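For clarity, every value in this text was computed on a predicted model and none was experimentally measured. Residue numbering restarts at 1 for every chain, and letters A, B, ... go by the order of the sequence lines.
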Number of protein chains: 2
Amino acid sequence: MSSDPNPVETPAGESPFELDHFLPYRFNVLAECMSRSLARIYQEQFGISVPEWRVLATLGRESPLSAGEVGSRAHMEKARVSRTLARMLDAGLINRQVDARDNRVAVLALTRRGQDMFRRIAPLARAWEAEMLQVLDAGEVERLHELLDRLLARLRGMRAGSDDAD
Amino acid sequence: MSSDPNPVETPAGESPFELDHFLPYRFNVLAECMSRSLARIYQEQFGISVPEWRVLATLGRESPLSAGEVGSRAHMEKARVSRTLARMLDAGLINRQVDARDNRVAVLALTRRGQDMFRRIAPLARAWEAEMLQVLDAGEVERLHELLDRLLARLRGMRAGSDDAD
DNA sequence: TGACATTAGTTTCGTGGTAAACTAATTTTC
DNA sequence: GAAAATTAGTTTACCACGAAACTAATGTCA
């Protein structure tokens, strides 16, 4: 009884709860694995962290942006954005210029150095992704993206009315 | 020039790097959304955190287990397991008994109270998952799980030889 | 049996995260 | 046009995490 492999009784007919088959758990584990694996590349070679990489990629694609715009595009809280930007300013990867029309906002862009770094990391990131995706064919990749789209939309919908936006 | 929406030139023929289409980013965002949404349920109603829920689910399915076994089953670092167990012991959710054969290991199981909590949360977690999965049909859910399986296996394989196991 | 290595688990240390308070600028309202 | 509300962004306070150091028990090998 003390070594019962299924110690908590389940109502008749129900299978026990399995963490391994539970999607939030699976997504968390997988996301963490991906982050770690990829981060190894840009952390070791370029000395930047995950949020720094996100900001770099965001401003590499579109700029100039305000801090708030960076946050919404990269799904980062404003405090995290603020600290990340401070580090990147120190490192000379971005520059910041106060908006003449509205002195609260400052407009951000990559410096030459930031652009160079982005140009060097982006292909490595793509290559890493391609290596991971070798176990999937093109159609599967497409379907995966499509499933992720729908799940994300669903999650945003589920909390509708409950609290604030994102 | 300063308002160029694609400020970093891409090599001819290549599309610019899009964070929104990059899988590690997408998985992180989605995993975080799921965690938050689900955690709202068990945090508000039962006052436990994500790692506590993981340990609860792990020991709810199989016990007794040592701390190390809990960690490997729930994909948690041993330090995190240790802290989580300490909190749960305080809260009277689990009990710990030193193994007579090996005084380094202690064997863990849910208390009556822990079992009750698990029995109450598990169906809520299932229901939450089912609600999220309403946008997918049964075949899609199955294919999603299968894709996740393969990606996870791939990631474990990619770092083969590079460093330690998990 | 006594040194050395290994293992289970805890604790420490530094870092980074979030929520909430805060500052400063701007907009709204009457 | 002053008071109140809103917004952009920073800072503070607190807490969690991971890596590494540490403790204690066990295993190994001469």
Worksheet entry | Comparing R83(B) and S49(A) on DNA chain C - which has the more 5′ nearest nucleotide | R83(B)
Item to complete: Report yes or no: does R73(A) contribute a side-chain atom to a donor-acceptor pair with the main-chain N or O of T58(A) at less than 3.5 Å?
Response: no
Worksheet item: Looking for any heavy atom pair under 4.0 Å, which part of the strands does S66(B) touch: base, sugar-phosphate only, or nothing?
Response: sugar-phosphate
Worksheet item: Hey, which of these two, E77(A) or D99(A), hits DNA chain C nearer its 5' end, going by closest nucleotide?
Response: E77(A)
Discussion item. Categorize A106(A) for me: base, sugar-phosphate, or nothing, with a 4.0 angstrom heavy-atom threshold over every strand shown.
Written reply: sugar-phosphate
Practice prompt. Could you go through the salt bridge (Lys or Arg N to Asp or Glu O under 4.0 Å) check for R87(A) and D90(A) one step at a time?
Written response: CA-CA 5 Å; R87(A) 260 177 285 151; D90(A) 268 6; over 6 Å; no
Fill in: Rounded interatomic separation in angstrom, taking CZ from R101(A) and P from dT27(C)
12 Å
Worksheet item: If two hydrophobic side chains count as joined below 4.5 Å and joins carry through other members, does L147(A) share a cluster with V29(B)?
Response: yes
Discussion item. On the side chain of R80(A), is there an atom forming a donor-acceptor pair with the base of dG16(C) - under 3.5 Å, no angle test?
Written reply: no
Worksheet item: Just how far, in rounded Å, is P of dG16(C) from CZ of R54(A)?
Response: 15 Å
Discussion item. At less than 3.5 Å, do the side-chain atoms of R104(A) and the base atoms of dT26(C) form a donor-acceptor pair?
Written reply: no
Worksheet item: Considering only heavy atoms from C-beta outward, does the side chain of L93(A) approach that of L59(A) to under 4.5 Å?
Response: no
Fill in: E142(B) atom CD: more than 12 heavy-atom contacts under 6.0 Å
no
Worksheet item: Which nucleotide of DNA chain D is the first, and which the last, in the 5' to 3' direction, to come under 4.0 Å of a heavy atom belonging to chain B?
Response: dC17(D) to dT26(D)
Worksheet item: Is a side-chain N or O of R154(B) found less than 3.5 angstrom from the main chain of E131(A), in a donor-acceptor match?
Response: yes
Practice prompt. Take the protein atom NE2 of H75(A) and the nucleotide atom C1' of dT18(C), then report the distance between them rounded to whole Å.
Written response: 17 Å
Worksheet item: If you count the non-hydrogen atoms of other residues, nucleotides and ligands that lie under 6.0 Å from CD in Q97(A), is the total more than 12?
Response: no
Fill in: Minimum-distance nucleotide to S82(B) side chain [options: dT26(C), dT10(C), dA21(C)]
dT10(C)
Discussion item. Over all strands shown, is A79(B) touching base, sugar-phosphate only, or nothing at heavy-atom distances under 4.0 angstrom?
Written reply: base
Fill in: Nearest-nucleotide comparison on DNA chain D, the residue closer to the 5′ end among N103(B) and R36(A)
R36(A)
